[in-house]
Protein chains: 2
Amino acid sequence: MSSEEMSGRSATTAAQVRKDLSLFGSFGKRGLGYDVADLSERLKKILGLDRRWRVALVGAGRIGSALVEYGGFAERSYDVVAIFDSDPSKVGERWGGLRVRDISQFVSVAKDQGVEIVILAIPVEAVPSVMEYVEEAGVRGILNFAPTKLKVPERVAVKDVNMVMELEALSFALSQEDEEA
Amino acid sequence: MSSEEMSGRSATTAAQVRKDLSLFGSFGKRGLGYDVADLSERLKKILGLDRRWRVALVGAGRIGSALVEYGGFAERSYDVVAIFDSDPSKVGERWGGLRVRDISQFVSVAKDQGVEIVILAIPVEAVPSVMEYVEEAGVRGILNFAPTKLKVPERVAVKDVNMVMELEALSFALSQEDEEA
DNA sequence: GCGGCTTTGTGAAAATCTTCACAATATTAG
DNA sequence: CTAATATTGTGAAGATTTTCACAAAGCCGC
Ligand SMILES: NC(=O)c1ccc[n+]([C@@H]2O[C@H](COP(=O)([O-])OP(=O)(O)OC[C@H]3O[C@@H](n4cnc5c(N)ncnc54)[C@H](O)[C@@H]3O)[C@@H](O)[C@H]2O)c1
Ligand SMILES: NC(=O)c1ccc[n+]([C@@H]2O[C@H](COP(=O)([O-])OP(=O)(O)OC[C@H]3O[C@@H](n4cnc5c(N)ncnc54)[C@H](O)[C@@H]3O)[C@@H](O)[C@H]2O)c1
């Protein structure tokens with residue numbers, strides 16, 4: 001597949017595809033393009049997707065439920081290996097093959113299970129107390145759904161998901177269109 | 001509040017805050033900083049958040065359910081005014097104050113309700129057929145959860161939410177750390 | 001009203017990112 | 001083997017974004 005075709009399938013340009021790839025090495029054949037299987041494998045390695053990652057879900061609420069039941073994570077490289085909540089009525093429930101555990105067990109269970117990434121799906125108020133556990137357990141990456149800026153040590157990587165902000169970006173685009181008209 | 005304090009609360013710098021704001025006008029007072037209430041109001045106007053937006057949810061599944069029950073959208077400027085699905089067992093259900101409607105009614109209901117933004121939470125396979133309705137109804141913005149690149153006319157704004165990609169960005173960051181060590 | 005302190009708004013400089021454009025290389029047809 | 005065609009990889013140019021740094025304002029205490 002050529003860089004031209006790749007750019008057509010995503011939201012970028014052929015030159016951008018080639019430049020981006022060139023930062024990691026030389027993957028294509030001149031005149032021919034890229035071997036999809038080979039490129040895919042090499043990129044997976046670069047992105048750390050040549051192995052599976054152990055993930056814990058914290059917050060067995062609405063978002064948490066949608067995520068755990070979703071097959072899209074396991075299909076890629078992510079296995080949810082533990083689920084935590086603080087609500088006694090949720091602790092003990094079975095979700096998929098897992099039992100919801102009390103958040104107080106986080107550190108021991110996470111260490112035991114080798115959890116490297118946490119999906120944080122709890123209310124903003126609960127964030128500071130939970131972050132203490134997360135830090136103590138030596139978690140290295142956090143996918144955060146709570147609309148708050150996490151305070152983490154330098155070594156911890158954080159990605160925020162904020163759907164309200166995405167909607168706000170849409171509103172802005174639409175308002176701009178209106179003004180131009 | 002000074003640009004310094006604002007930058008401390010978010011992931012940016014004081015100079016960036018001032019430069020960004022200066023693109024839209026002059027909001028602060030030298031030596032004093034910004035009046036939070038005033039700045040907030042003026043930014044809301046610029047972002048198109050000085051009015052409410054009418055949103056339809058398409059796909060009454062796991063993600064859709066989490067979103068509809070979530071209060072965070074109504075709290076900002078977004079009202080979900082209609083819900084659609086194609087599954088006969090879901091059509092007719094009551095979700096919050098709304099009845100789940102059949103997707104075939106999308107165009108007429110969306111036009112009737114003045115829907116401007118659609119939240120797309122359906123499987124990838126269902127996207128092309130649903131997009132025909134969405135386009136015909138004159139929807140102007142789409143928040144897309146399906147992991148596929150939407151084909152839309154120029155005037156339609158799209159924002160993609162892709163949690164797997166966020167996790168992959170985390171994996172990459174963690175792999176990089178490992179390599180450095 | 002003046003001096004000291006603070007913080008904005010913004011040109012200019014620096015850094016980063018994207019696009020251009022083409023030599024190098026590979027394939028295919030004859 | 002040669003010519004025609006395709007497409008990479010990458011310097012250089014161009015565009016955009018971020019940071020720097022400071023004159024211009026504004027507040028406060030005396
Ligand atoms: N639902 C959505 O569509 C949506 C969208 C965007 C953002 N969010 C954000 O995601 C987060 C979760 O949202 P939700 O809708 O799933 O909320 P939810 O109330 O349905 O679920 C939150 C869960 O966290 C648990 N919890 C509370 N304190 C805890 C603690 N200290 N330790 C462990 N678990 C604890 C609760 O018991 C509950 O089960 C919130 O910050 C919300 O703002 C949600
Ligand atoms: N659940 C998650 O955590 C998650 C995470 C990331 C991405 N996604 C993506 O979000 C989308 C929805 O995921 P989900 O987990 O909610 O799936 P789901 O299967 O729970 O829900 C999808 C819903 O869409 C409905 N539907 C199917 N075809 C339709 C059509 N033509 N018109 C209207 N409705 C139709 C189904 O009946 C179902 O109710 C998928 O594309 C998925 O890949 C989900």
Side-chain angles (χ1 to χ4, degrees), chain A residues 1-48 149-150 152 154 157-160 162 165-166 168-173 175-177 179-180, chain B residues 1-48 149-150 152 154 157-160 162 165-166 168-173 175-177 179-180:
Chain A
M1 185 183 291
S2 67
S3 56
E4 190 68 37
E5 186 175 355
M6 281 190 232
S7 68
R9 295 196 186 194
S10 49
T12 184
T13 63
Q16 191 72 74
V17 168
R18 294 201 300 280
K19 196 55 139 184
D20 283 1
L21 291 177
S22 80
L23 257 57
F24 291 109
S26 171
F27 304 103
K29 279 211 167 65
R30 296 181 182 209
L32 242 199
Y34 301 83
D35 178 303
V36 174
D38 175 61
L39 179 61
S40 165
E41 196 172 328
R42 293 173 69 178
L43 286 182
K44 275 186 183 152
K45 198 159 227 160
I46 290 166
L47 293 172
K149 189 193 160 205
L150 302 186
V152 293
E154 175 128 39
V158 177
K159 276 272 158 184
D160 292 293
N162 189 327
M165 270 197 197
E166 304 290 338
E168 288 177 352
L170 281 181
S171 308
F172 176 56
S175 307
Q176 292 288 99
E177 283 177 21
E179 268 169 42
E180 276 156 30
Chain B
M1 186 183 292
S2 67
S3 55
E4 190 68 39
E5 185 175 356
M6 281 189 231
S7 68
R9 295 197 185 195
S10 49
T12 184
T13 63
Q16 191 71 75
V17 167
R18 295 202 299 279
K19 196 55 137 186
D20 284 0
L21 291 176
S22 80
L23 257 58
F24 290 110
S26 171
F27 303 104
K29 279 210 165 68
R30 297 182 180 209
L32 243 199
Y34 300 84
D35 178 304
V36 174
D38 175 60
L39 178 61
S40 166
E41 196 171 330
R42 293 173 69 179
L43 286 181
K44 276 187 182 152
K45 198 161 228 157
I46 290 167
L47 292 172
K149 187 190 160 206
L150 302 185
V152 294
E154 175 129 39
V158 177
K159 277 272 157 183
D160 292 294
N162 189 328
M165 270 197 195
E166 305 289 339
E168 288 178 352
L170 281 181
S171 309
F172 176 56
S175 308
Q176 292 287 100
E177 282 176 21
E179 268 169 43
E180 278 157 31

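These numbers were taken from a predicted model, which means no experiment stands behind them. Below, read A as the first sequence line, B as the second, and so on, with proteins coming before strands; counting in each chain starts at 1.
Rounded to an integer number of Å, the gap from B:Leu21 CG to C:dG9 C1' is 10 Å. Between A:Phe27 atom CZ and D:dG9 atom P there is a gap of 9 Å when expressed in whole angstrom units. Note: CZ (A:Phe24) to P (D:dG9) measures 14 Å, nearest angstrom.
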Provide a list of protein-nucleic acid N or O atom pairs under 3.5 angstrom, restricted to nucleotides 11-17 of chain C.
from: C:dG11; atom 1: N7; to: B:Lys19; atom 2: NZ; distance (Å): 3.2

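The minimum heavy-atom distance linking A:Gly48 with B:Ser171 is given by the pair O-CB, 4.2 Å. In terms of heavy-atom proximity, A:Ala14 sits nearest to A:Glu4 at CB-OE1, 3.6 Å. A pairwise comparison of heavy atoms in B:Val152 and B:Val158 identifies CG2-CG2, 3.8 Å as the closest pair.
The stretch residues 33-45 of chain B comes close to DNA chain C through B:Gly33, B:Tyr34, each having a heavy atom under 4.0 Å from the strand. A heavy atom closer than 4.0 Å to some atom of DNA chain C occurs in B:Ser2, B:Ser3, these being the qualifying members of residues 1-8 of chain B.
Counting heavy atoms from C-beta on, the side chains of A:Asp160 and A:Asn162 never come closer than 4.5 Å.
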Walk along nucleotides 22-30 of chain C from 5' to 3' and tag each nucleotide B, S or - by protein heavy-atom contact under 4.0 Å, base first, then sugar-phosphate. -BBBSS---
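Distance check: B:Lys159 NZ to B:Leu150 CG gives 13.0 Å after rounding to the nearest 0.5 Å. Interatomic distance, B:Ser10 OG to B:Glu5 CD, rounded to the nearest 0.5 Å: 10.5 Å. B:Glu168 CD to B:Ser175 OG: the interatomic distance, rounded to the nearest 0.5 Å, is 11.0 Å. Rounded to the nearest 0.5 angstrom, A:Glu177 CD and B:Glu154 CD are separated by 9.0 Å.
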Let me have the donor-acceptor pairs involving side chains of residues 17-29 of chain A, under 3.5 Å, with sequence neighbours excluded, atom names and distances please.
from: A:Arg18; atom 1: NH1; to: A:Ser3; atom 2: OG; distance (Å): 3.1
from: A:Asp20; atom 1: OD1; to: A:Gln16; atom 2: NE2; distance (Å): 3.1
from: A:Ser22; atom 1: OG; to: A:Lys19; atom 2: O; distance (Å): 2.7

Compile the donor-acceptor pairs under 3.5 Å between side chains in residues 31-45 of chain A and protein atoms, sequence neighbours left out, one pair per line.
from: A:Asp35; atom 1: OD1; to: A:Ala37; atom 2: N; distance (Å): 3.1
from: A:Asp35; atom 1: OD1; to: A:Asp38; atom 2: N; distance (Å): 2.9

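The number of heavy atoms from other shown groups lying within 6.0 Å of CE (A:Met1) is above 12.
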